[in-house]
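For this chain, numbers begin at 1 and follow the sequence in order. Owing to the predicted nature of the structure, the values given are computational and were not obtained by experimental measurement.
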Amino acid sequence: MPSRPANRPPSTPDLASYDLLAPQLSGGKDSAVMMAVFMEDARTVGVADRVISYHSSLGVLEWPPVVFDGIRYPGVSELAALQSNAFGVPPDRHVEVTRTMPGPDGTRMPHSLLTEIAAYGRFPRMGSPYCRKAAKESVVSSAWTPMVSRLKRELGRPVRILKVMGLRSDEGADRKKRPAFRTVLANSARVVDEWLPVKDWSTDAVKEWHADAPVPYCWTYDSVPGAGDWAGTSRCSCSLCVFASRADVLLSVGRRPRLADLYAEVEQVRGDSFRADWRITDLIRHANTCGAPDPGVVCPDDGPEFTALQEQVREALKKDPRKEPEMARHSGRALCDGCTAHN
């Protein structure tokens, strides 16, 4: 099977003109395809040694590893590292980064996106998707800083960086409008361009590619881990993403009920709804009383990392929010005939 569709645009950037080639790996199905296409081009040009891959870990909010029928299935962070290695990037050139905050003993500790939501007072919205910048883009950009400082002194010019991402048009209207190539930052220290090499791949093409891929896809895409039916969640981002479809959120509520309850706690204390049209408390009630997709597997979320997240979120909720909640301006959509949404 060809590694790219026949209609792939010829506007591949000049990879040899960059000092750092930085693919961003989410661990999702599109990241693996992107990595295959990108690394083929990098090897062709002879610049594979300039590649350092990055994964912005969301910690507990990511899909974790699970054991099902005696088989262990890796979580998102592990898959990102596998994707990098499968296409020729040495393990020491794959970097996992996460947002941190000062801990009680003065050392740095992970700062969860849910903690940020609790502290901010509002959930991300389509018009204000601050989660993408706070938990992903800014974290990777900060990780580049030491390298940029060193290379700028050596080169005597701004460092050229190519950020490579697996975003596709099929994922939504905002991504369809996003250019396949653009400059996203230019200053005296660095010039950062963004390239979406699989932007025009269809979802069916991505699934077909995975049939013979050298790396597994995340278990959450299937009805049960290992089923191979793509009947689970349609995307693999935050386990409970405010931009996900209702079907995805309902399935996630079933798969991670303790995490869903923690989101509901933030929603109840702050007053802002999980989405403008749905409260997560309504979604949880709907899943419990009106029926929801069979989760196939339930994550216990009973480890120390989850406990630490609970404590961090609850501490944030004790303080005044940085922003006043933006309440939904309409009554919300009904979830089903027997289950009304919030008023």
Side-chain angles (χ1 to χ4, degrees), residues 1-4 8 12-59 62-63 65 73-98 135-151 154-155 159-168 180-181 184 190-199 201 206 209-219 221 236-237:
M1 182 180 176
S3 62
R4 64 186 70 188
R8 181 173 183 265
T12 301
D14 178 10
L15 301 187
S17 69
Y18 293 94
D19 307 300
L20 170 63
L21 301 170
Q24 320 283 283
L25 299 175
S26 70
K29 65 184 187 301
D30 301 328
S31 282
V33 176
M34 174 273 287
M35 198 63 177
V37 170
F38 163 66
M39 286 303 293
E40 180 183 334
D41 287 338
R43 283 190 295 269
T44 299
V45 179
V47 292
D49 60 331
R50 301 184 196 178
V51 176
I52 300 178
S53 60
Y54 293 84
H55 171 62
S56 298
S57 173
L58 297 174
E62 291 184 339
W63 287 107
Y73 295 86
V76 167
S77 286
E78 187 177 348
L79 283 169
L82 290 172
Q83 290 170 353
S84 180
N85 188 249
F87 299 105
V89 179
D92 63 350
R93 294 179 70 83
H94 174 71
V95 180
E96 182 177 310
V97 295
T98 190
K136 297 181 179 181
E137 296 175 15
S138 295
V139 183
V140 173
S141 182
S142 295
W144 292 335
T145 300
M147 181 185 302
V148 167
S149 298
R150 175 178 58 82
L151 286 177
E154 295 175 359
L155 300 171
V159 178
R160 289 181 51 79
I161 300 172
L162 181 65
K163 178 172 70 170
V164 191
M165 303 177 72
L167 305 184
R168 295 184 301 108
F181 179 79
V184 294
R190 66 182 81 177
V191 175
V192 181
D193 292 337
E194 178 185 274
W195 182 36
L196 313 179
V198 296
K199 182 177 187 290
W201 278 55
V206 170
W209 180 90
H210 273 282
D212 297 312
V215 63
Y217 60 80
C218 188
W219 61 267
Y221 289 121
C236 178
S237 182

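- Counting only distance, with no hydrogens or angles, the side chain of Arg93 and the backbone of Ser84 share no donor-acceptor pair below 3.5 Å.
- Gln83 places no side-chain N or O within 3.5 Å of a backbone atom of Ser26 that could act as its donor or acceptor partner.
- In this structure, Trp195 and Leu21 have side chains that are not in contact, with every pair of non-hydrogen atoms separated by 4.5 Å or more.
- The line from CG of Asp30 to CH2 of Trp201 is 10.0 Å long, rounded to the nearest 0.5 Å.
- The nearest pair of heavy atoms linking Gly166 to Met34 is CA-CB, 3.8 Å.
- Closest approach of Leu151 and Asp19 over heavy atoms only: CD1-CB, 4.4 Å.
- In terms of heavy-atom proximity, Ala42 sits nearest to Val51 at CB-CG2, 4.4 Å.
- The shortest distance between side-chain heavy atoms of Pro197 and Asp41 does not fall below 4.5 Å.
- Side-chain contact between Leu79 and Tyr73 is absent, with no heavy-atom pair separated by less than 4.5 Å.
- A donor-acceptor pair under 3.5 Å is formed between the side chain of Thr98 and the backbone N or O of Ser57.
- Remark: Tyr221 OH to Trp63 CH2 distance equals 11.0 Å, nearest 0.5 Å.
- Here Asp193 pairs with Arg160 in a salt bridge; the nearest charged N to carboxylate O distance falls below 4.0 Å.
- Using a 4.5 Å heavy-atom threshold, the side chains of His210 and Val33 count as touching.
- Using a 4.5 Å heavy-atom threshold, the side chains of Lys29 and Cys236 count as separate.
- Using a 4.5 Å heavy-atom cutoff, the side chains of Val164 and Met35 are not in contact.
- Atom CG of residue Leu167 and atom CD of residue Gln24 lie 10.0 Å apart, to the nearest 0.5 angstrom.
- Ser17 places none of its side-chain heavy atoms less than 4.5 Å from the side chain of Leu15.
- In this structure, Met39 and Val89 have side chains that are in contact, with non-hydrogen atoms separated by less than 4.5 Å.
- Across Pro146 and Ser142, no two heavy atoms sit closer than the pair CD-O, 3.8 Å.
- The aromatic rings of Phe87 and Trp209 are tilted relative to each other, their planes meeting at an angle between 30° and 60°.
- Side-chain polar atoms of Arg190 and Thr145 form a donor-acceptor pair below 3.5 angstrom.
- When the options Glu62, Glu96, Glu78 are evaluated for a side chain to side chain donor-acceptor pair (under 3.5 Å) with His55, the one that passes is Glu62.
- Between the CZ atom in Arg43 and the CG atom in Asp49 there is a gap of 12.5 Å [rounded to 0.5 Å].
- Shown here for Trp219 and Pro74, the closest heavy-atom pair between the two residues is CD1-O, 3.6 Å.
- Distance alone, capped at 3.5 Å, places no donor-acceptor pair between the Glu194 side chain and the Val192 backbone.
- Note: Met147 CE to Ile52 CD1 = 3.5 Å, rounded to the nearest 0.5 Å.
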